[in-house]
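What follows is a single structure, written as structure tokens, with notes after it.
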Amino acid sequence: MTLLDLHNFHNNGFLILPVLLDPSTVDTMLDALANTPDLTSAYGARDLLRRVPLLREIASSTPIRNVIEQVLSPTAFPVRGLLFDKTLEANWKVPWHQDLTIAVRERREIPGFGPWSIKSGIPHVQPPTEILQSMATLRIHLDNCDESNGPLHVLPGAHAYGILASEEIAKHRQTTKPMTCPIPRGGALLMRPLLPHASSSAASPNHRRVVHIEFADTQLPGGLQWEEA
């Protein structure tokens with residue numbers, strides 16, 4: 001098992017993992033996505049853990065468990081899967097933001113949880129800060145991603161300040177140098193959801209397929225349940 005630099009992860013809010021999955025596993029993931037209705041030409045999709053059962057299996061595979069158990073705990077589990085892509089037809093950019101919502105099975109009015117929204121038919125809610133601080137995300141790259149095709153940019157250490165308004169993120173950008181995260185095929189970015197991040201349009205648009213899987217290791221209060229979507 002490769003030991004992670006947990007000091008840097010906790011301080012900076014992210015780690016680049018150049019090698020996570022072998023080429024055959026990446027090919028298998030691409031085949032599964034290509035054979036899932038409505039995903040062939042999608043530049044973004046939700047509910048991957050349910051729509052693509054293979055991805056749930058991979059989220060529990062040894063290479064990924066070895067990473068997640070080091071930063072969370074042996075009881076950690078996947079709670080949400082997303083797909084992102086950039087192509088000539090969908091060469092989008094994403095402004096600076098934090099990942100602030102979780103997917104749950106049903107809406108329950110519990111202090112500290114809100115606002116609520118519906119995404120792809122699934123209730124989503126912003127939980128208290130401490131829940132987001134206890135989570136981790138793996139962004140697995142299915143294509144090479146360099147500075148030419150829209151890599152993620154992050155603000156190292158800014159996750160430690162909790163939930164930030166857009167003007168607060170702008171202030172951090174004045175004092176913290178953003179870091180660009182090129183990731184090779186089969187590699188991944190491990191990050192905290194509260195780490196401010198953004199991406200630019202690709203200068204050379206090719207596929208930049210990323211499977212984004214969020215993990216938690218605690219149950220929700222008041223009868224709320226993770227949807228594991």
Side-chain angles (χ1 to χ4, degrees), residues 4-17 20 46-50 55-56 58-61 63-84 94 96-108 110-117 119-120 122-141 152 154-164 168-169 172 181 183 188-198 210-229:
L4 302 179
D5 187 341
L6 295 180
H7 177 76
N8 274 341
F9 177 70
H10 293 313
N11 282 351
N12 295 326
F14 74 101
L15 282 177
I16 292 176
L17 309 176
L20 179 66
R46 298 182 180 275
D47 200 14
L48 284 198
L49 296 177
R50 188 159 47 197
L55 296 185
R56 180 178 289 276
I58 289 175
S60 299
S61 65
I64 290 180
R65 294 303 308 176
N66 285 342
V67 170
I68 294 302
E69 290 182 13
Q70 288 185 65
V71 297
L72 296 182
S73 75
T75 60
F77 48 94
V79 294
R80 185 165 63 163
L82 308 171
L83 172 68
F84 303 115
V94 179
W96 286 97
H97 69 287
Q98 299 168 296
D99 294 335
L100 298 179
T101 62
I102 60 173
V104 297
R105 292 189 181 175
E106 64 179 0
R107 178 167 179 164
R108 289 174 178 262
I110 298 174
F113 285 77
W116 288 83
S117 60
K119 302 177 182 180
S120 298
I122 298 171
H124 282 67
V125 65
Q126 181 175 310
T129 303
E130 57 267 24
I131 290 177
L132 295 169
Q133 289 173 328
S134 70
M135 296 173 65
T137 298
L138 260 182
R139 291 174 54 93
I140 303 166
H141 282 251
L152 212 65
V154 300
L155 289 177
H159 68 295
Y161 295 91
I163 296 174
L164 300 170
E168 292 175 310
I169 294 178
H172 280 285
C181 300
I183 310 286
L189 179 69
L190 175 68
M191 61 181 283
R192 292 293 192 186
L194 287 178
L195 181 71
H197 54 285
V210 175
V211 171
H212 167 121
I213 305 177
E214 297 170 3
F215 293 84
D217 66 354
T218 58
Q219 297 303 319
L220 299 172
L224 274 180
Q225 292 181 290
W226 297 97
E227 178 57 21
E228 299 187 22

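The structure presented is a predicted model; accordingly, all values stated were derived computationally and were not measured.
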_Can a donor-acceptor pair be found, under 3.5 Å and without considering hydrogens, that links the side chain of His172 to the backbone of Pro156?_
no
Test item: [X] and [Y] side chains (from C-beta on) under 4.5 Å apart, heavy atoms:
X      : Y      : result
Phe215 : Ile213 : yes
Ile102 : Leu220 : yes
Trp226 : Arg80  : no
Gln98  : Leu132 : no
Glu228 : Arg56  : yes
Leu83  : Val210 : no

*asked:* If you count every heavy atom of other residues, nucleotides or ligands that lies below 6.0 Å from Phe9 atom CZ, does the total exceed 12?
replied: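 Counting other residues, nucleotides and ligands, CZ of Phe9 exceeds 12 neighbours.
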Rounded to the nearest 0.5 Å, what's the gap from [atom1] on [X] to [atom2] on [Y]? Could you check?
X      : Y      : atom1 : atom2 : result
Leu4   : Ile68  : CG    : CD1   : 9.0 Å
Arg107 : Leu224 : CZ    : CG    : 11.0 Å
His7   : Leu15  : NE2   : CG    : 11.0 Å
Leu49  : Ile58  : CG    : CD1   : 11.0 Å
Thr129 : Ile163 : OG1   : CD1   : 3.5 Å
Glu214 : Thr101 : CD    : OG1   : 7.5 Å

_Non-neighbouring partners of His97 that pass ring-ring contact (aromatic ring centres under 6.0 Å, His included), sequence neighbours left out_ =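 Counting only residues at least two positions away or on another chain, His97 forms a ring-ring contact (aromatic ring centres under 6.0 Å, His included) with His197.
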*asked:* Among residues at least two apart in sequence or on other chains, which ones pass ring-ring contact (aromatic ring centres under 6.0 Å, His included) with His212?
replied: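 Applying ring-ring contact (aromatic ring centres under 6.0 Å, His included) to His212 gives Phe84.
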_Matching residue for Leu195 among Val154, Leu152, Asp99, Asn12 - test: side chain to side chain contact (heavy atoms under 4.5 Å, CB included)_ = Val154
_Testing Leu20, Leu55, Ile183 one by one against Ile140 for a side chain to side chain contact (heavy atoms under 4.5 Å, CB included), which residue passes?_
Leu20
*Going by distance alone, is a donor N or O of one side chain under 3.5 Å from an acceptor N or O of the other, for Ser73 and Asp217?*
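On atom types as modelled, these side chains qualify, holding a pair under 3.5 Å.
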*Let me see the working for Leu82 and Leu48 under side chain to side chain contact (heavy atoms under 4.5 Å, CB included), right down to the final yes or no.*
CA-CA 6 Å; Leu82 308 171; Leu48 284 198; 5.6 Å; no
*Do any pairs count as a salt bridge (Lys or Arg N to Asp or Glu O under 4.0 Å) and have a residue in residues 122-141, sequence neighbours left out, and if so which ones?*
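Pairs touching residues 122-141 that pass the test: none.
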*For Trp96 against Pro196, the heavy-atom pair lying closest together*: CZ3-O, 3.5 Å
